[in-house]
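What you see is a predicted model, and the numbers here were worked out from it, not measured in a lab. Naming convention: chains lettered A, B, ... in sequence-line order (proteins, then strands); numbering from 1 in each chain.
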Amino acid sequence: MLEITRLRNDKDEVIEQLRKRGVDFTKEVALVLSVDAQWRAAKTELETIQAESNGLSKEIGKLFQAGDTAAANAAKEKTAALKSQEQTLKSQVNQLEQELREALYQIPNVPVAEVKEGKSEADNETVFEAGPKRTFSFTPKAHWDLAQQYDLIDFELGVKVTGAGFPFYKGKGAKLQRGLINFFLDEAEKAGYQEHIAPLVVNEASGYGTGQLPDKEGQMYHIGADDLYLIPTAEVPLTNIYRDVILPNESFSIRLCGYTPCFRREAGSYGKDVRGLNRLHQFDKVEIVRIEHPNNAKAALDEMVAHVKQLLEKLQLQYRILRLCGGDTGFASAITYDFEVYSAAQEKWLEVSSVSLFETFQSNRLMLRYRGEDKKTHLCHTLNGSALALPRIVAALLENHQTENGITLPEAIVPYVGFAEI
RNA sequence: GGAGAAAUGGCAGAGCGGUUGAAUGCACCGGUCUUGAAAACCGGCAUACCGAGAGGUAUCGGGGGUUCGAAUCCCUCUUUCUCCGCCA
């Protein structure tokens with residue numbers, strides 16, 4: 001949620017920058033500002049009346065204490081009119097407040113200067129590309145074939161027990177998962193991120209805090225009996241640790257990481273993209289999260305990008321980094337870098353990580369603040385990134401490191417998985 | 001799952017219908033004293049919104065109600081604690 005003060009002070013600039021998302025938000029911004037003005041006017045009026053009736057009540061109290069019951073009862077008569085006025089104004093203010101919030105929810109985050117205008121993924125800029133693409137002297141197999149051939153992953157079994165998108169990992173396939181999780185966690189810890197094991201279900205307030213609700217309600221699994229949501233990413237529980245928190249100025253930087261399974265309904269996905277490990281309803285991910293002082297947020301973003309880069313290098317995967325264009329940048333994000341690895345077998349790029357800076361967009365909803373040098377509270381900046389999501393990394397490892405009669409694992413993870421060859 | 005008790009500022013802990021945004025202690029910040037520190041003493045110390053400011057309003061777990069007036073009474077939800085039952 002954008003800060004209302006930013007819209008009040010800087011509306012033209014906000015609209016201008018939002019244009020980079022390929023959408024004109026003039027109307028939405030105007031609506032927010034008009035509701036805001038009405039809200040403020042109604043609130044001022046309400047408070048005047050409240051002040052009046054508070055004063056009257058105090059007087060009545062004094063009169064009763066002085067024993068002047070007659071005068072007190074006379075004063076009471078006057079309060080009736082005030083009371084009904086107060087009630088109508090109160091409901092008006094409440095309604096305007098809700099309208100304001102809803103209007104504000106319609107406006108996405110403002111992209112930062114480096115983000116280029118664009119409508120879709122076709123307009124994303126490649127800012128870095130590593131190494132030559134792997135070539136093969138034989139026809140490489142897709143990971144779903146390799147997984148079956150070496151008995152690593154069983155998709156059919158998952159369909160039987162649960163449904164599509166919930167595979168079983170078996171034997172070396174399961175060990176590879178476990179090893180990768182530990183590898184990613186250790187790397188994150190080395191970079192200063194404190195490990196957390198988080199709840200896998202969250203309440204409604206947390207869903208709102210990080211912005212999954214109300215926009216993406218249909219994407220989360222909802223447990224009706226207890227009104228809880230399965231997490232779509234560790235970002236939700238990890239960032240919500242800091243909901244309604246005021247940090248001392250010297251707290252920064254805060255770095256958390258955590259491995260969790262992630263659950264996504266992926267409503268509306270179909271076709272080729274969902275084959276094999278490309279898109280699952282349940283998958284494993286190590287997430288890194290940072291809470292930063294606004295002055296340090298950009299540097300933090302660069303560090304996170306460097307961290308993910310280094311992971312992909314250790315995995316010896318060919319990858320590229322994209323700076324997403326305005327239209328492809330997520331609703332809450334001010335700037336996002338996507339990491340993609342190239343799968344020679346599928347002949348396409350697979351997104352394996354997404355690193356985003358939200359500036360105050362999340363902290364504004366979360367009420368996550370710090371106390372500045374000026375002794376006042378200010379909103380923190382939040383960031384997060386996958387480091388990394390497992391399924392597509394596994395897909396890429398299998399596909400890119402296959403030989404004619406096996407799969408050779410990169411050196412860095414051998415100690416973690418316990419074998420070098422599949 | 002059943003029965004009871006409780007939820008107040010950073011923490012501890014009073015208040016239980018009227019000038020209480022809230023005693024007191026601790027913590028914290030500033031000052032006096034001291035060569036320095038400690039101690040002692042003095043002062044300050046919740047958050048948010050509206051307002052140029054003066055000031056106003058709201059908030060004592062959340063929501064609703066009674067009342068001219070609620071931290072205080074009632075209802076409801078949530079959480080915590082104790083006891084019983086069940087269970088990894």
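When each of A:E287, A:R290, A:R255 is tested with A:Y193 by the rule side-chain hydrogen bond (donor to acceptor under 3.5 Å, both in side chains), just one qualifies, namely A:R290.
Here the separation of B:U67 from B:C74, taken at their C1' atoms, is 12 Å to the nearest Å. The separation of B:A40 from B:G51, taken at their C1' atoms, amounts to 43 Å, rounded to a whole angstrom. Taking atom C1' in both B:A22 and B:U59, one finds a spacing of 12 Å when rounded to whole Å. If you take atom P in B:A12 and the same atom in B:U76, they sit 29 Å apart, rounded to whole Å.
Listed nucleotides B:C50, B:U47, B:C68 differ in distance to A:S57; the shortest reach to its side chain belongs to B:C68. Nearest nucleotide to the A:T377 side chain, out of B:A48, B:U47, B:C50: B:A48. Minimum atom distance to the side chain of A:A51 is reached by B:G56, of the listed B:C68, B:G56, B:A46. With B:G51, B:C49, B:U47 as the choices, the nucleotide that has an atom nearest any side-chain atom of A:R369 turns out to be B:U47.
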Next item on the list: Scan nucleotides 71-81 of chain B nucleotide by nucleotide, 5' to 3', and note B when protein non-hydrogen atoms come under 4.0 Å of the base, S if they reach only the sugar-phosphate, - if neither.
Entry: -----------
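Phosphate proximity of B:C28 to A:R371: absent, as no side-chain N or O sits under 4.0 Å from OP1 or OP2.
Taking the ring axis of A:F419 as reference, the NZ or CZ atom of A:K175 does not stay both within 45° of it and closer than 6.0 Å to the ring centre.
By the side chain to side chain donor-acceptor pair (under 3.5 Å) test, A:K298 pairs with A:E114, sequence neighbours left out. For A:E187, the side chain to side chain donor-acceptor pair (under 3.5 Å) partners are A:K190, A:K314, not counting sequence neighbours. Taking A:E189 as the reference, nothing meets the side chain to side chain donor-acceptor pair (under 3.5 Å) condition, with sequence neighbours excluded. The salt bridge (charged side-chain N to carboxylate O under 4.0 Å, His left out) check on A:D24 picks up A:R19, with sequence neighbours excluded. In this structure, the side chain to side chain donor-acceptor pair (under 3.5 Å) partners of A:D186, at least two apart in sequence or on a different chain, are A:Y416. A search for salt bridge (charged side-chain N to carboxylate O under 4.0 Å, His left out) contacts involving A:D151 returns A:K170, not counting sequence neighbours.
For residues 79-97 of chain A, no pair satisfies salt bridge (Lys or Arg N to Asp or Glu O under 4.0 Å), with sequence neighbours left out. Sorted by first and then second residue, the salt bridge (Lys or Arg N to Asp or Glu O under 4.0 Å) pairs with a member in residues 61-76 of chain A form an empty list; sequence neighbours excluded.
Within 4.0 Å of A:I60, counting heavy atoms only, lies at least one base atom of the nucleic acid.
If you measure from atom CG of A:L46 to atom P of B:G51, you get 15 Å, rounded to the nearest angstrom. Rounded to whole Å, the distance from CD on A:Q85 to P on B:C68 is 17 Å.
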Using residues 195-208 of chain A as the side-chain source, report each donor-acceptor pair under 3.5 Å to any protein atom, sequence neighbours left out, with the distance given to one decimal.
| from | atom 1 | to | atom 2 | distance (Å) |
| --- | --- | --- | --- | --- |
| A:H196 | ND1 | A:Q194 | O | 2.9 |
| A:N203 | OD1 | A:A205 | N | 3.4 |
| A:N203 | OD1 | A:S206 | N | 3.0 |
| A:N203 | OD1 | A:S206 | OG | 3.1 |
| A:S206 | OG | A:R243 | NH2 | 2.9 |

Notebook entry, point to check: Reading RNA chain B 5' to 3', how would its secondary structure be written in dot-bracket notation, given Watson-Crick and G-U pairs with both distances under 3.5 Å, brackets [ ] for crossing pairs and | for partners on other strands?
Noted result: ((((((((.[[[..)..(.....]]].(((((.......))))).(((((....))))).[[[[[..)....]]]]])))))))....
Can you give me the N/O atom pairs linking the protein to nucleotides 58-67 of chain B at distances under 3.5 Å, or say none if there are none?
| from | atom 1 | to | atom 2 | distance (Å) |
| --- | --- | --- | --- | --- |
| B:A58 | OP2 | A:N54 | ND2 | 3.4 |

